[in-house]
Amino acid sequence: MKPGAISRVRGMNDLLPEEARHFAEIESAAREVFEAAGYGEIRLPIVEDSRLFTRSIGEATDIVEKEMYAFEDRNGDLLALRPEATAGCVRAVIEHDLIRSGPQRLWYHGPMFRHERPQKGRHRQFHQIGVEVFGIATPDLEAELLMLSQCLWDRLGIEGLTLELNTLGTAEERVHYRAALAAYLSSHEDALGPDDRMRLARNPLRILDSKSAEIQELLANAPVLSDFLGEASREHWQRVGTLLDAAGIAYRINPRLVRGLDYYTQTVFEWTSTALGAQSAVCSGGRYDGLVEQLGGSPTSAMGWALGLERVAALLGRTDVKRPCAVLVTLGAAAEESGFALMREIRQAYPGLRVVLATGPGTLKSKLKRADRLRARWALILGDDELAKGVVQVKALDGPAQVEWVPRAAVVAHLAQVADQ
RNA sequence: GUGGACGUAGCUCAGCAGGUUAGAGUCCCGGAUUGUGGAUCCGGUUGUCGUGGGUUCAAAUCCCACCGUCCACCCCA
């Protein structure tokens with residue numbers, strides 16, 4: 001790169017064709033899985049009112065406190081680049097009163113923004129695919145959403161992921177537990193580092209998933225959340241397990257699993273991979289029964305999850321570029337004109353047929369070389385000789401070279417016939 | 001945000017106890033074969049050695065700062 005050239009902003013990466021192909025593959029697999037299950041796509045704005053996120057994700061969370069791209073626009077409105085899509089989705093559901101017409105099953109995909117220090121699997125602009133369901137309170141929803149994620153891994157051929165599950169109980173149960181946990185940890189405050197003391201004051205549940213061995217040891221005798229669950233939560237939680245077993249989806253219960261966003265209730269989960277280093281969470285989510293009401297809607301139970309496209313893409317094997325059926329090679333100005341006419345006919349008759357143009361300057365040899373690199377099955381050669389005879393030379397590029405001369409008027413039909421083989 | 005490692009052609013990397021014009025492979029372009037690909041051979045293009053400063057007769061090489069990437073923490077998808 002020459003000095004003075006402008007480079008991309010930190011953490012905001014270009015997706016070159018190879019990686020973009022992975023993204024497209026995941027997106028189309030997701031579309032297939034979701035649409036088949038009766039989910040509708042929703043497209044949401046990237047910019048929202050900042051308050052939407054402070055109210056939903058939680059003011060004391062890192063996402064809102066340190067990572068949000070918040071700014072004032074020309075009118076002085078406080079706006080933010082979305083750090084996640086659940087909040088916006090809830091906002092849209094309330095704003096259009098979608099719940100009026102019954103439960104809503106929605107899915108989305110798009111870029112999210114968080115001002116974090118970039119690392120592998122962690123970028124400032126990253127991409128998520130997610131689902132959100134509104135209006136279903138029963139545990140079959142947990143099972144449905146988890147099954148959809150499993151279907152997606154199956155569809156993409158991804159193996160070796162671990163599903164970790166936990167329940168946080170209702171908001172009230174969590175409040176009681178939180179108080180008990182805070183009391184226990186306060187009595188051992190001398191064992192906590194400065195970061196954990198901060199968490200103790202603001203969000204003691206976060207201490208549960210600490211990686212520190214000393215903390216985990218300390219937690220061995222701490223109160224456990226399951227003791228604080230009421231009968232209803234207990235039954236709900238058990239039913240989730242039963243349905244997952246019935247569907248043959250393996251999981252591991254992790255009582256230490258809490259999530260970083262404040263709005264979760266009841267079931268939370270995380271799909272992790274050991275192949276990704278520190279950023280091991282591939283897909284996660286949970287129930288958020290209180291959020292709709294909290295954001296100004298009527299009480300509505302809801303649940304969703306999101307996956308990180310960059311992380312899932314990293315688990316995908318190499319996907320090959322689809323090979324073209326043919327490369328249309330022209331030599332000289334007159335042949336180029338005829339070639340463009342032919343190309344138009346091909347596109348009109350068979351829009352999906354992969355035919356790549358090789359017109360313009362360059363030797364026949366270099367154009368055939370290009371056809372070879374693209375792994376095309378056929379070369380359609382059109383030069384002065386062919387023009388004079390009213391034919392197109394059709395050369396087989398697979399295996400030993402074989403040529404045949406097809407009358408110009410019959411080329412389109414010939415190509416279509418040969419493409420099916 | 002904290003700590004650490006690293007930064008040399010488009011890509012992968014060598015060169016670094018300071019010493020002439022900075023190298024290989026790959027990719028790309030051309031030729032051997034005037035209009036016929038893949039193999040082989042031959043030739044060619046490409047770099048302010050991340051940026052800026054310092055030390056020195058001399059810096060890709062030593063020192064400092066900044067920027068970036070990666071790793072861990074942190075956070076999370």
Side-chain angles (χ1 to χ4, degrees), chain A residues 1-5 7-11 13 16 18 26 57 61-68 83-86 109-130 149 193-196 198-199 203 206 209-212 257-261 269-273 276-286 304-315 327 329-332 335 358 361-387 393-403:
Chain A
M1 205 170 71
K2 291 215 168 105
S7 55
R8 67 185 186 273
V9 343
R10 175 134 122 124
N13 299 127
L16 273 19
E18 194 179 329
I26 299 164
I57 298 170
T61 58
D62 282 16
I63 294 180
V64 166
E65 211 170 42
K66 329 184 194 168
E67 298 171 2
M68 200 154 76
E84 54 109 49
T86 301
H109 67 104
M112 310 295 160
F113 302 84
R114 292 181 199 170
H115 191 101
E116 297 186 275
R117 181 145 168 183
Q119 206 173 307
K120 187 192 287 204
R122 186 165 84 179
H123 314 283
R124 290 184 175 178
Q125 174 176 333
F126 62 102
H127 301 79
Q128 291 189 333
I129 295 177
S149 55
D195 286 351
D196 286 321
M198 181 78 81
R199 289 196 192 100
N203 192 355
R206 297 289 316 170
D209 60 4
S210 168
K211 285 179 190 168
S212 143
L257 177 70
V258 294
R259 318 279 0 280
L261 291 77
F269 69 91
E270 206 166 272
W271 285 97
T272 58
S273 164
L276 296 175
Q279 312 305 324
S280 60
V282 166
C283 169
S284 64
W305 57 248
L307 65 80
L309 269 165
E310 283 81 358
R311 294 181 188 178
V312 174
L315 298 174
V327 168
V329 174
T330 68
L331 299 165
T363 59
L364 172 59
K365 184 189 182 115
S366 67
K367 289 173 178 180
L368 284 175
K369 214 171 215 167
R370 176 166 174 226
D372 190 52
R373 276 197 309 267
L374 292 169
R375 297 169 50 244
R377 294 169 57 199
W378 312 89
L380 308 179
I381 302 167
L382 192 48
D384 291 339
D385 295 354
E386 288 78 11
L387 225 47
Q393 188 188 145
V394 178
K395 176 170 187 166
L397 297 177
D398 279 338
Q402 250 188 330
V403 289

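Just so you know, these numbers use all the heavy atoms, side chains as well, and skip hydrogens, waters and symmetry mates. In this text, all values refer to a predicted model and were calculated from it rather than measured experimentally. Chain letters run A, B, ... following the sequence lines, proteins first, then strands; residues in each count from 1.
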### Message
Looking at B/A60, which nucleotide sits across from it as a Watson-Crick or G-U wobble partner, both distances under 3.5 angstrom, or is there none?
### Response
none

### Message
Does the structure show a Watson-Crick or G-U wobble partner for B/G18, both distances under 3.5 Å? Name it, or say none.
### Response
none

### Between B/G4 (P) and A/R117 (CZ): distance, integer Å
10 Å

### Query
NA contact type, A/T61, heavy-atom cut-off 4.0 Å: base, sugar-phosphate, or nothing?
nothing

### Task
Go through the steps for A/D209 and A/R206 under the test salt bridge (charged side-chain N to carboxylate O under 4.0 Å, His left out), then give the verdict.
CA-CA 6 Å; A/D209 60 4; A/R206 297 289 316 170; 3.8 Å; yes

### Message
Would you compute the distance between atom CZ of A/R373 and atom CZ of A/R370 and round it to the nearest 0.5 angstrom?
### Response
8.0 Å

### Task
Give A/G285 one of three labels, base, sugar-phosphate or nothing, depending on what nucleic acid heavy atoms sit under 4.0 Å from its own.
nothing

### Query
C1' atom, B/U36 versus B/G31: distance in rounded Å?
16 Å

### Message
Starting the side chain at C-beta, find the nucleotide from B/C74, B/U69, B/A77 nearest to A/P118.
### Response
B/U69

### Message
How many whole angstroms separate atom CZ of A/R10 from atom C1' of B/U51?
### Response
15 Å

#### Entry: Neighbour count above 12 (heavy atom, 6.0 Å) for A/Q402 CD
no

#### Entry: A/Q279 side chain, from C-beta outward: closest of B/G37, B/U36, B/C76
B/C76

#### Entry: Nearest-0.5 Å distance that lies between atom CH2 in A/W271 and atom OG in A/S149
5.0 Å

### Query
To the nearest Å, how far apart are A/L364 CG and B/G30 P?
12 Å

### Task
Check whether the side chain of A/R375 and the base of B/G37 form a donor-acceptor pair under 3.5 Å.
no

#### Entry: Atom pair CG (A/L307) and CD (A/Q128), whose distance is rounded to the nearest 0.5 Å
7.5 Å

### Query
When you compare B/G47 with B/U40, how far apart are their C1' atoms, in angstrom units rounded to a whole number?
30 Å

### Message
Counting the atoms with a prime plus P, OP1 and OP2 as sugar-phosphate, which does A/A85 contact under 4.0 Å by heavy atoms, base, sugar-phosphate, or nothing?
### Response
nothing

### Task
Name the pairing partner of B/A32, where a pair is Watson-Crick or G-U wobble with both distances under 3.5 Å, or state none.
B/U40

### Nearest-angstrom distance, P atom, B/C6 to B/C13
15 Å

### Pairwise P distance, B/G18 and B/A60 [rounded to whole Å]
14 Å

### Message
Within the 4.0 Å heavy-atom criterion, would you say A/A278 contacts the bases, only the backbone, or no part of the nucleic acid?
### Response
base

### Message
Quick check on B/C28: is either OP1 or OP2 less than 4.0 Å from any side-chain nitrogen or oxygen of A/R373?
### Response
yes

### Message
Using side chain to side chain contact (heavy atoms under 4.5 Å, CB included), reason through A/L309 and A/I129 one step at a time and then give a plain yes or no.
### Response
CA-CA 7 Å; A/L309 269 165; A/I129 295 177; 3.8 Å; yes

#### Entry: Whole-angstrom distance between B/G4 and B/G19, as gauged at atom C1'
33 Å

### Query
Would you say B/C75 has OP1 or OP2 under 4.0 Å from some side-chain N or O of A/R199?
yes

### Query
Distance between the P atoms of B/G30 and B/U34, in whole angstroms?
15 Å

### Message
Please tell me if A/R206 has a side-chain N or O lying less than 4.0 Å from either OP1 or OP2 of B/C76.
### Response
yes

#### Entry: Distance between P atoms of B/C28 and B/C73 (Å, rounded)
41 Å

### Task
Name the closest nucleotide to the A/R114 side chain, picking from B/U69, B/G35, B/A77.
B/A77

### Query
Is there a donor and acceptor pair, one atom on the side chain of A/R122 and one on the base of B/C74, closer than 3.5 Å?
yes

### Query
Quick one: is A/K120 getting a side-chain N or O under 4.0 Å of the B/C71 phosphate, OP1 or OP2?
yes

### Message
Please give the distance between the C1' atoms of B/C11 and B/U51 as a whole number of Å.
### Response
22 Å

### Message
Categorize A/D385 for me: base, sugar-phosphate, or nothing, with a 4.0 angstrom heavy-atom threshold over every strand shown.
### Response
base

### Message
What's the closest nucleotide to the side chain of A/K211 if the choices are B/G37, B/C76, B/C73?
### Response
B/C73

### Task
Mind checking A/I381 for me? I need base, sugar-phosphate or nothing, with any heavy atom below 4.0 Å counting as a touch.
base

### Query
Do A/R122 side-chain atoms and A/R117 backbone N/O form a donor-acceptor pair below 3.5 Å?
yes

### Task
Counting Watson-Crick and G-U wobble pairs only, both distances under 3.5 Å, name the nucleotide matched with B/G23, or none.
B/C13

### Query
For A/Q402, which contact category applies under a 4.0 Å heavy-atom criterion: base, sugar-phosphate, or nothing?
nothing

### Query
Does B/G1 pair with anything, Watson-Crick or G-U wobble, both distances under 3.5 Å, and if so, with which nucleotide?
B/C73

### Query
With distance as the sole criterion, do the side chain of A/E65 and the base of B/G1 form a donor-acceptor contact below 3.5 Å?
no

### Task
For a side-chain hydrogen bond (donor to acceptor under 3.5 Å, both in side chains) with A/E310, tell me which candidate from A/H123, A/K120, A/H127 qualifies.
A/H127

### Atom-pair distance (NZ on A/K367; C1' on B/C29), nearest Å
15 Å

### Message
So A/A401, base contact, sugar-phosphate only, or nothing? Heavy-atom distance under 4.0 Å.
### Response
base

### Task
Can you tell me the distance, in whole Å, between the CG atom of A/L276 and the P atom of B/C70?
14 Å

#### Entry: A/L368 vs A/R124, nearer the 5' end of RNA chain B by closest nucleotide
A/R124

### Summary
Applying the 3.5 Å cut-off to both distances, the Watson-Crick or G-U partner of B/U45 turns out to be none

### Message
Quick check on B/U69: is either OP1 or OP2 less than 4.0 Å from any side-chain nitrogen or oxygen of A/Q119?
### Response
no

### Message
Tell me whether A/R124 contacts the main-chain N or O of A/E116 through its side chain, where contact means a donor paired with an acceptor under 3.5 Å.
### Response
yes

### Message
Judged by each residue's nearest nucleotide on RNA chain B, which is more toward the 5′ side, A/D372 or A/E67?
### Response
A/D372

### Message
Return the pairing partner of B/G68 with a 3.5 Å limit on both distances, Watson-Crick or G-U wobble; otherwise return none.
### Response
B/C6

### Task
Please report, rounded to the nearest Å, how far the C1' atom of B/G68 is from the CZ atom of A/R8.
9 Å

### Message
Please report the distance, rounded to the nearest Å, between CG in A/D196 and P in B/C75.
### Response
9 Å

### Query
Do A/K365 side-chain and B/U36 base share a donor-acceptor contact under 3.5 Å?
no

### Query
Between A/K369 (NZ) and B/G31 (P), how many Å, whole number?
9 Å

